[in-house]
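For reference, the structure is listed below as structure tokens.
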Amino acid sequence: MALNENRDECPFCDRIGDGDFIAESDVAVAFADKFPVSRGHALVVPRHHAASLFEISQAEIEDVWGLVSHVRSILQGDLAPDGFNIGLNDGEAAGQTVGHAHVHVIPRYKGDVPDPRGGVRWVFPDKAAYWLNK
Ligand code: AMP
Ligand code: ZN
């Protein structure tokens with residue numbers, strides 16, 4: 001089954017119905033990731049059920065990114081991380097597991113991994129460390 005076919009069993013539609021958000025707008029909400037990879041890992045999720053962020057309107061996308069910025073500021077104030085990874089897995093081939101579009105806001109802390117260089121490049125571990133091949 002394609003990622004977005006069954007909205008009746010969508011964990012994010014359920015979660016949006018529960019309320020209790022880090023932040024929200026007319027278009028999107030932000031809540032804590034249930035299985036955080038770092039302290040404060042949050043998801044920004046359009047209220048409208050769509051598998052890809054790029055299936056919603058340009059105005060909605062802009063609102064989502066505004067909420068990402070707002071959540072980043074909240075997490076910066078609350079947790080004082082040293083950096084962030086912000087991004088999305090767009091499609092199953094790219095690693096998306098929940099078929100309701102979402103942006104990950106992942107606070108990073110000095111020393112949380114031995115060598116953070118490369119960040120999102122580590123989706124391809126054997127190609128991430130390009131500086132070793134320069
Ligand atoms: P992705 O693999 O990019 O689709 O990310 C899905 C994210 O959703 C993962 O980081 C999960 O930890 C998170 N997740 C899965 N189920 C729930 C849930 N019920 N509430 C909050 N986060 C969830
Ligand atoms: Zn949904």
Side-chain angles (χ1 to χ4, degrees):
M1 181 188 296
L3 269 176
N4 72 334
E5 274 178 19
N6 198 347
R7 66 191 299 161
D8 292 337
E9 292 180 14
C10 174
F12 290 177
C13 283
D14 289 348
R15 182 65 187 74
I16 290 166
D18 290 346
D20 188 24
F21 305 127
I22 297 168
E24 62 182 304
S25 68
D26 288 345
V27 168
V29 304
F31 50 76
D33 193 292
K34 193 172 179 182
F35 308 97
V37 295
S38 74
R39 195 157 54 99
H41 182 178
L43 302 173
V44 175
V45 184
R47 295 178 189 270
H48 174 70
H49 180 98
S52 171
L53 192 65
F54 302 97
E55 290 171 15
I56 65 177
S57 71
Q58 188 64 35
E60 286 177 310
I61 291 173
E62 285 169 18
D63 186 289
V64 167
W65 281 104
L67 194 59
V68 167
S69 175
H70 184 47
V71 168
R72 180 186 178 282
S73 296
I74 290 171
L75 294 172
Q76 188 66 53
D78 287 353
L79 302 173
D82 301 297
F84 288 88
N85 292 112
I86 294 169
L88 61 149
N89 300 322
D90 190 27
E92 271 182 291
Q96 184 175 357
T97 59
V98 173
H100 184 139
H102 51 282
V103 180
H104 294 260
V105 182
I106 301 175
R108 297 297 304 272
Y109 304 88
K110 279 185 184 150
D112 60 4
V113 299
D115 184 355
R117 286 182 295 172
V120 298
R121 289 182 61 90
W122 285 97
V123 295
F124 288 101
D126 59 331
K127 298 204 176 95
Y130 70 90
W131 49 92
L132 299 178
N133 301 318
K134 276 201 288 194

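Order of listing sets the numbers, starting from 1, for every ligand and every atom in it.
A distance below 6.0 Å separates the ring centres of His102 and His104.
Of the protein's heavy atoms, Thr97 N, 2.8 Å lies nearest to atom 4 (O) of ligand 1. If you check which protein heavy atom lies closest to atom 22 (N) of ligand 1, you get Lys34 N, 3.1 Å. The shortest contact between atom 8 (O) of ligand 1 and any protein heavy atom is with Phe12 CZ, 3.4 Å. Among protein heavy atoms, atom 11 (C) of ligand 1 sits closest to Asp33 OD1, 3.4 Å. Looking at atom 16 (N) of ligand 1, its nearest protein heavy atom turns out to be Phe35 CE1, 4.0 Å.
On a distance-only criterion, Val98 and ligand 1 share at least one N/O pair closer than 3.5 Å. Below 3.5 Å of separation, one finds no N or O of Arg15 facing any N or O of ligand 1.
Of the options Gln96, His41, His102, Glu92, the smallest heavy-atom separation from atom 5 (O) of ligand 1 is shown by His102.
When all heavy atoms of Leu75 and Pro107 are compared, the pair lying nearest together is CD1-CG, 4.0 Å. The shortest heavy-atom contact between Pro11 and Val98 is CG-CG1, 4.0 Å. Counting all heavy atoms, side chain and backbone alike, His48 lies closest to Glu60 at CB-OE2, 4.3 Å. Heavy-atom minimum distance, Ala101 versus Pro46: O-CD, 3.1 Å. In this structure, Ala23 and Val71 approach most closely via the heavy-atom pair CB-CG2, 4.2 Å.
Of the possible donor and acceptor atoms, none in the side chain of Ser38 sits under 3.5 Å from a partner among the backbone N and O of Arg108. Glu92 places no side-chain N or O within 3.5 Å of a backbone atom of Thr97 that could act as its donor or acceptor partner.
To the nearest 0.5 Å, the span separating CZ on Arg15 from CG on Asp20 amounts to 5.5 Å.
A cation-pi contact links Arg39 to Tyr109, judged by a cut-off of 6.0 Å to the six-membered ring centre and 45° from its axis.
Here 4 is the count of protein N, O or S atoms positioned under 2.8 Å from the Zn ion (ligand 2), waters not counted.
Contacts between His104 and ligand 1 below 4.0 angstrom, taking non-hydrogen atoms only, involve the side chain exclusively.
Against a heavy-atom cut-off of under 4.0 Å, Gly95 is close to the following atoms of ligand 1: 2 (O). Near Asn89, with a cut-off below 4.0 Å to any heavy atom, the atoms of ligand 1 are 1 (P), 2 (O), 3 (O).
When the shell of 6.0 Å around NE2 of His41 is examined, it contains more than 12 heavy atoms from other residues, nucleotides or ligands.
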